[in-house]
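Every number for a ligand or one of its atoms is a count from 1 in the order of the listing. Here, residue 1 is the first one in the sequence, and each next residue gets the next number. Everything numeric in this text was worked out from a predicted model, so none of it was measured.
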Amino acid sequence: MKILISDYDFPDIELEQALYRAAGIEMVAAQCRTEEDVIAASAGCQGLLVQYAPINAKVFKARPEIRIVSRYGAGFDTVNTADAKAHGVWVSNSPDYGVGEVATHALAMTLSLLRHIAFYDRDVKAGKWHFSTAGKMQRVGDMTVGILGLGRIGKRMAHISRNSFKRVIACDPYIIDGDFPAYVERVSKEELFAQADAISLHVPLTDETRGMVNASVLDLMKPGSVLVNTARGAVVNTNDLLAVLDSGRLDGAALDVLPVEPPAADSRIVQHPRVLLSPHAAFYSVVAEKELRRKAAQNLVDWARNGRPSYVVVSGK
Ligand code: NAI
């Protein structure tokens, strides 16, 4: 068996090399950006381990010997699952390596916005020393936090938020009432956006969620509320978000993910004074990075040994 690591932004791939050496699997690595790059680099490969490279029918048609794709990460929107299904290719991911990291990052961003931490830091360094420099602030203990997408990360976010906020509400049409913890109130999408003082997004990027946080819901948000996105950049319509920030309705937004990563340094979203950014880092801790890499790489070893990966997104043939 031979596999290709199509692309990676880790400092090295020694962990993967050791795992595949021990399993007797040949490994090659590249830094592919396009389908064409992947096709060129994957000659003779049955498996792909991918980070951001796009994988779809183009790749599967050109390389029918590819039988499995494993993604470094919980999200798998860079892999076209319908195309994989049509070509009988397994798709797998690594969904549970960094649930705590992402939820903690989301809560840290939420509290940083509500307590104006990043704004104060900027003001103090610019020589301004007064509690009022960043505007009016309300009491977090009186507030409602709203969660869109109550899956693994959303549930953890609810759990670690509940002692800071008065109320936790969530919208997730795809889970049953029994999957809502007792301390989380189930609401509709419109109720979520109208009632929450802070909204944290935890939905996957799908055809349905692409651009779902647009003017139609942002305009429902309470004056002075905040939005946090650690899910995927394309879930939010950036122009609509900028409009609602400029209007003064939103007090701030914190974004770990953007529609185009990295963003242009002079883009409006990067320059906006009420936007707090991190570089798609919510997943990161030393331990989580290792677990992510080990689990994503192991999917291919499991498939070679047992005919199926440990984490199945699409069942192949
Ligand atoms: P999950 O699959 O456990 O949960 C997603 C939840 O969203 C599910 O319960 C699903 O029913 C719900 N959902 C789907 N469509 C919805 C809709 N239209 N409205 C409301 N809810 C909807 O996924 P998990 O592990 O919680 O991860 C969520 C996302 O977080 C991933 O898909 C990924 O894109 C992102 N992520 C970001 C990271 C980062 O470093 N910034 C790291 C890890 C994940």
Atom 36 (N) of ligand 1 [closest protein heavy-atom partner, distance rounded to 0.1 Å]: R232 NH1, 3.8 Å

Any side-chain heavy-atom pair of V275 and L255 under 4.5 Å: yes

Contact partition for D96 relative to ligand 1, non-hydrogen atoms under 4.0 Å: neither

Electrostatic pair K295:D96 at N-O distance under 4.0 angstrom: yes

C171: numbered ligand 1 atoms lying under 4.0 Å from its heavy atoms: 20 (C), 21 (N)

Contacting atoms of ligand 1, where contact means under 4.0 angstrom from a heavy atom of D256: 39 (C), 40 (O), 41 (N)

Side chain, backbone, both or neither: H202 near ligand 1, heavy atoms under 4.0 Å: backbone

Y72 versus S94, closest heavy-atom pair with distance: C-OG, 3.9 Å

Shortest protein heavy-atom distance from atom 22 (C) of ligand 1, along with the residue and atom involved: V203 CG1, 3.5 Å

Atoms of ligand 1 close to Y97 [distance to a heavy atom under 4.0 angstrom, numbered from 1]: 42 (C), 43 (C)

Carboxylate-amine/guanidinium proximity below 4.0 Å for D197 and K222: yes

Residue T209 vicinity, atoms of ligand 1 by number, heavy atom under 4.0 Å: 15 (N), 18 (N)

R186 bridged to D179 by N-O distance under 4.0 Å: no

Per-residue contact class, I153 against ligand 1 - non-hydrogen pairs under 4.0 Å: both

Side chain, backbone, both or neither: V102 near ligand 1, heavy atoms under 4.0 Å: side chain

For H280, the ligand 1 atoms whose distance to one of its heavy atoms is below 4.0 Å: 39 (C), 40 (O), 41 (N)

Shortest protein heavy-atom distance from atom 19 (N) of ligand 1, along with the residue and atom involved: P173 CD, 3.6 Å

Shortest protein contact, atom 3 (O) of ligand 1 (heavy atom only): R152 N, 3.0 Å

Over-ring placement of R293 relative to F10, 6.0 Å and 45° cut-offs: yes

For atom 37 (C) of ligand 1, the option (of V99, I147, L292, T230) bearing the nearest heavy atom: T230

Where ligand 1 meets E208 - atom numbers and elements under 4.0 angstrom, heavy-atom basis: 18 (N)

Protein heavy-atom partner closest to atom 4 (O) of ligand 1 - residue, atom, separation in Å: G151 CA, 3.2 Å

D172 heavy atom under 4.0 Å from ligand 1: yes

For the student: nearest non-hydrogen atoms of I68 and S92, plus distance: CD1-OG, 4.2 Å

Note: E36-K58 ion pair, threshold 4.0 Å (strictly below): yes

Cation over ring face, R71 and F76, 6.0 Å, 45°: no

